[in-house]
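All values below were derived from every heavy atom in this structure, side-chain atoms included, with hydrogens, water molecules and symmetry-related copies excluded.
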Amino acid sequence: MQLNPSLMQFESLSLTTEPNQEDAEIDAVPIVEVPVSKTSVPPSTSEGGMYLVQRGNSLVSQKSEELQKTLLAHRHERQLIILQDFPDPDALSCAWAYQLIAQQYDIKCEIIYAGTLSHQENIALVKLTNLPAQRWTLQSIKSKDLSSYQGFILIDNQGTTSQLLSAIQQAGVPLVAVIDHHSIQSDLKPEFVDVRPYVRATATIFTQYLQAGLLTLDSSINQHVKCATALMHGLRSDTNRLMQAQEEDFMAAAYLSRFYDAQLLNAILQANRSKRVMDVIERALKNRIVQNNFSIAGVGYIRYDDRDAIPQAADFLVTEENVHTAVVYGIVHDEDDELEVVIGSLRTTKLTLDPDEFIKEAFGQDNNGRFFGGGRTGAGGFEIPMGFLSGGNENSAYAKMKWEVFDTQIKQKLLKLVNPRDNPIQSE
């Protein structure tokens, strides 16, 4: 079904208000409906690929209409789009796409994140496209008038990787929508939800919204071309340069190919690594241990602005011969907010290893039932707050001792899964 971009015709459309259970089931993969905490695993089908394509198109149409209905209900409002603390190209591009879609309903959106952009490609993406994302710290949010916002949106995350979520929830701002491709991380109850863990990139989901008519891209509009370029980068990034892409990802890329700027994308991809990133990769190489084809490396203390060196180090370690999975972690220190957190990244080429299950089993949940991490196909990450033990690193001996404790604890949890018979803590 193609949606008419005219707002007057939008309002005259008959929108589906009851979920179609048959449409919500696709090829033995979980499709999440409200509440987010529940999933359904539909039976497999042998009726052929064409039938699956038709059912997939039906789901896209259904979700596009549901999102359209939600946007109509929130016309003339102000909303916040909350990204993970360290947003990647998939998150940034999709937030921009949502902002452009919402503009048609006179909804003003601000794209915010609490961390920083440290990956060279993310910095280039924002600078070269003028992508309208803002950094809100835990300190700066205290001076914001959150009562002026009528809702917030979670895109490419479910709130577990954002420091801003609790402050916005405490201010009474309601959750309007969750649009993501990661497995379930927490129990949220938004008005609209489109969580598809089997989809390789959230950019694929948003491109499908565009194809369904929620926004008609125009190659003569510079902002549309840049957003399409950002979406292509996000899709390419989360599918490992399309090597892990599925049919719908390729179809989304084919659609975006009509609008994106290839030279601009190439300029984004040519961004150079900084010396500090190379230093972290060197530390990961020096400190790594390899067991059962897993490469595990702790890199010590890292500046907050260099946080994205951790996933880049994991990307590098997983290319080593006889290694199928790499985990790199370190203590990230934010001097401004006096905050410390253990941050790690996982990369794997092993098809039978589910990063989401592996990380959740390794590190578990906090007292509120929120997992410390999760993942998607081929990649995952975790963040563990240090709480009372944060700071106090002026004494180098104490800082070294603190790192050794966390390094040993993380290795112990990982090696229980990698090699259950091994114990990194040797008794005297």
Side-chain angles (χ1 to χ4, degrees), residues 26-29 49 52-53 56 84 86-94 119-122 124-125 156 180-183 196-208 211 228-273 277 281 284 293-295 308-328 344-359 374-381:
I26 293 185
D27 194 25
V29 290
L52 295 178
V53 170
Q84 56 265 48
F86 301 90
D88 60 14
D90 194 28
L92 290 163
S93 63
C94 292
H119 194 296
Q120 65 278 356
E121 290 182 6
N122 297 343
L125 172 65
D156 197 40
D180 189 20
H181 74 121
H182 296 91
S183 298
R196 305 185 220 167
Y198 65 93
V199 173
R200 293 292 190 257
T202 307
T204 296
I205 297 173
F206 270 88
T207 301
Q208 291 173 341
Q211 290 177 284
T229 304
L231 285 169
M232 183 70 88
H233 181 33
L235 196 160
R236 181 185 181 278
S237 174
D238 268 31
T239 58
N240 191 18
R241 294 167 294 176
L242 297 179
M243 288 191 293
Q244 294 177 345
Q246 296 182 336
E247 182 177 1
E248 58 191 334
D249 305 307
F250 283 113
M251 293 175 67
Y255 177 76
L256 293 172
S257 68
R258 308 177 195 174
F259 307 100
Y260 88 111
D261 185 333
Q263 289 184 332
L264 177 58
L265 178 58
N266 186 61
I268 294 169
L269 296 174
Q270 292 302 315
N272 295 322
R273 288 191 176 106
V277 171
I281 293 175
N293 307 111
F294 281 77
S295 182
D308 274 323
I310 292 176
Q312 292 185 72
D315 287 333
F316 188 83
L317 290 191
V318 80
T319 63
E320 184 177 0
E321 184 181 14
N322 297 324
V323 168
H324 60 60
T325 302
V327 182
V328 178
S345 288
L346 178 150
R347 297 293 184 267
T348 185
T349 59
K350 187 175 182 180
L351 297 178
T352 57
L353 190 147
D354 185 333
D356 189 71
E357 292 182 0
F358 182 88
I359 290 174
R376 53 178 171 80
T377 302

Do V323 and L317 make a side-chain contact, defined as non-hydrogen atoms from C-beta onward lying under 4.5 Å apart?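 Side-chain contact under 4.5 Å: no.
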Do Y198 and E248 have side chains that get closer than 4.5 Å, going by heavy atoms?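 Yes - at least one pair of side-chain heavy atoms lies under 4.5 Å apart.
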Just verifying a value: how many Å separate [X] [atom1] and [Y] [atom2], rounded to the nearest 0.5 Å?
| X | Y | atom1 | atom2 | value |
| --- | --- | --- | --- | --- |
| F294 | L353 | CZ | CG | 5.0 Å |
| D180 | C94 | CG | SG | 9.5 Å |
| Q120 | N122 | CD | CG | 8.0 Å |
| T202 | L92 | OG1 | CG | 11.5 Å |
| M232 | T207 | CE | OG1 | 8.5 Å |
| D354 | T348 | CG | OG1 | 10.0 Å |

Closest approach of [X] and [Y], non-hydrogen atoms and distance?
| X | Y | value |
| --- | --- | --- |
| H181 | D90 | NE2-OD2, 3.5 Å |
| P311 | R347 | CB-NH2, 3.3 Å |
| D356 | S183 | OD2-CB, 3.3 Å |
| R376 | P355 | O-CG, 3.1 Å |
| G375 | H182 | O-CD2, 4.0 Å |

Check: [X] side chain, [Y] main-chain N or O, donor-acceptor pair, under 3.5 Å:
| X | Y | value |
| --- | --- | --- |
| H119 | D308 | no |
| N293 | H324 | no |
| S237 | G234 | no |

Hits for ring-ring contact (aromatic ring centres under 6.0 Å, His included) against Y260, two or more places apart or cross-chain, chain-then-number order -> none
Any chance CZ of F259 has more than 12 other-residue heavy atoms, nucleotides or ligands included, within less than 6.0 Å? yes
Using a distance-only test with no angle check, is there a side-chain donor-acceptor pair under 3.5 angstrom linking R196 and Q208? yes
Indicate yes or no: does R200 engage D238 in a salt bridge with an N to O separation below 4.0 Å.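 Salt bridge absent between R200 and D238.
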